[in-house]
Amino acid sequence: MAFSAEFRCIAGCAGGYPLEQVIYRCPTCGDLLEVVHDLTALRERSHAQWKDLFGQRWRQVEEPFGSGVWGKHEWVAPQLESQNIVSMLEGGTHLTRVPRFAADLGLGDVRVKQCGTSHSGSFKDLGMTVLVSMVKQMIARGQPLKAIACASTGDTSAALAAYAAAAGIRSVVILPRGKISTAQLVQPLAMGSLVLAVDTDFDGCMTLVQELASKEGVYLANSMNSLRLEGQKTVAIEIAQQLGWQVPDWVVIPGGNLGNVSALGAGFEMLLALGLVDKRPRICVAQAAHASPLATSFQKGWSELEPVKAKTTLASAIQIGNPVSFKKAVRALKAFDGVALAVSEAELADASAHADRDGLFTDPHTGVALAALTKLAARGEITRDQRVIVISTASGLKFADFKVGYHEGTLAEAKAPRYRNTPVELPPRYDAVREALLRGLD
Ligand SMILES: *Cc1c(COP(=O)(O)O)cnc(C)c1O
Ligand SMILES: [Zn+2]
């Protein structure tokens with residue numbers, strides 16, 4: 001059976017382009033491209049056959065099918081040959097229940113999809129395995145590509161560096177000099193990326209990397225590249241699979257450039273189109289108030305994007321004022337009866353610490369989603385009988401300063417931390433330790 005997919009313009013211009021072509025935007029109108037699958041071919045297998053196949057592959061030993069992304073190979077990048085797949089067992093992540101957090105909010109079944117439990121510590125791995133594998137195939141077939149480049153500060157560059165190194169392909173990370181912390185830089189440096197620190201801002205880096213991509217045989221890994229969304233789309237498929245091929249009532253997801261919510265929508269659309277599920281969840285995109293153009297558009301009935309200058313936020317990966325995938329995201333949110341909400345810095349910090357009490361170790365972006373859920377529950381928009389999935393996008397271990405600052409009480413953004421926990425300092429005497437124990441466990 002010949003499954004296939006190609007790039008097409010999201011504005012509907014004629015023409016399709018192979019996934020192996022170096023093309024990032026529609027040559028007719030300049031709009032974004034999306035990957036469109038031949039659903040007729042995929043329908044030659046019944047929904048029961050797909051469910052069986054995905055069930056057999058789930059976390060299995062044989063590579064690369066044990067990967068959550070490559071277990072769905074035919075739905076992701078069907079023309080990619082197995083020998084070109086660069087995988088580090090991404091995906092297949094846990095849906096963790098947070099019963100005490102849920103009860104405090106007056107909710108019932110709330111689970112967190114742990115997409116940050118991944119090789120480089122964020123969900124960006126899910127997309128990067130697809131993009132780097134495709135470049136490996138392009139190079140194997142003789143395309144003269146020297147390297148893969150991106151202009152990211154944090155999680156994208158870490159994922160790119162890891163997968164490119166694993167593939168034996170050079171990677172280039174272009175950053176604004178002096179504006180990036182060592183913690184954000186250390187993954188690409190350790191993995192041997194060529195890191196170019198340029199005296200400009202993030203937008204300046206973006207312009208430079210696009211020029212390099214058009215002139216120098218460097219492949220662009222930034223999020224206008226819709227290959228990444230095909231990998232990220234598997235999060236929706238996994239959620240349905242983990243719920244016994246049911247969809248939840250709500251999915252809450254943090255959004256910056258809005259590629260991930262577009263991917264989530266695309267995943268649920270594909271499940272519906274191929275008959276594996278028969279219902280749509282509602283989707284909430286959560287934004288930091290300091291960078292919330294989507295939430296503003298929602299308040300105005302999904303008005304046109306008005307780019308803003310994003311202010312500093314603890315959720316640094318979503319500090320984006322002019323989201324690339326705005327149109328794709330609004331299209332998805334309209335189809336899924338979606339909403340978009342903004343939360344403050346103190347709210348995201350408290351919500352993150354609150355959910356940690358169920359055994360998580362959440363990053364600030366997941367905190368944004370948890371804070372939005374807190375608001376929706378308080379307003380009665382989500383109720384106790386509804387099942388909710390919160391998408392966690394990164395590992396809290398990548399954001400140690402945020403966690404330490406919160407519990408030390410030194411975080412300027414959260415001056416009155418509600419879930420602060422500090423060590424009890426004691427003299428080396430049994431009675432003192434015992435008394436502290438009894439008081440502490442009271
Ligand atoms: C990239 C990123 C996001 C935002 O995803 P978009 O596709 O840009 O909306 C959220 N959280 C983390 C940790 C990220 O790295
Ligand atoms: Zn077009």
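No experiment lies behind these values; they were computed from the predicted model shown. Remember, it's 1-based here, ligands and their atoms both numbered in the order they're listed.
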Pairs meeting criterion salt bridge (charged side-chain N to carboxylate O under 4.0 Å, His left out) with involvement of residues 240-264, two or more places apart: Asp249-Lys279

Geometric class of the His73/Phe65 ring pair [parallel <30°, tilted 30-60°, perpendicular >60°]: tilted

Heavy-atom pair of closest approach, residues Ser4 and Gln79: CB-NE2, 3.4 Å

Contact residues of ligand 1 (heavy atom under 4.0 Å), by chain and number: Phe123, Lys124, Asp155, Gly255, Gly256, Asn257, Leu258, Gly259, Asn260, Ala317, Ile318, His365, Thr393, Ala394

Vertex the Zn ion (ligand 2), rays to SG in Cys13 and SG in Cys9 - rounded to 10°: 110°

Would you give me the side-chain donor-acceptor pairs under 3.5 Å for residues 259-273, sequence neighbours excluded?
| from | atom 1 | to | atom 2 | distance (Å) |
| --- | --- | --- | --- | --- |
| Asn260 | OD1 | Gln232 | NE2 | 3.0 |
| Ser262 | OG | Leu258 | O | 2.7 |
| Ser262 | OG | Ala329 | N | 3.4 |
| Glu269 | OE1 | Arg280 | NH2 | 3.2 |
| Glu269 | OE2 | Arg280 | NH1 | 3.1 |

Centroid-centroid distance, Phe54 to Trp50, less than 6.0 Å: yes

Side chains of residues 330-340: which donor-acceptor partners sit under 3.5 Å, not counting sequence neighbours?
| from | atom 1 | to | atom 2 | distance (Å) |
| --- | --- | --- | --- | --- |
| Arg331 | NH1 | Glu34 | OE2 | 3.4 |
| Arg331 | NH2 | Glu34 | OE1 | 2.7 |
| Asp337 | OD2 | Arg282 | NE | 3.2 |

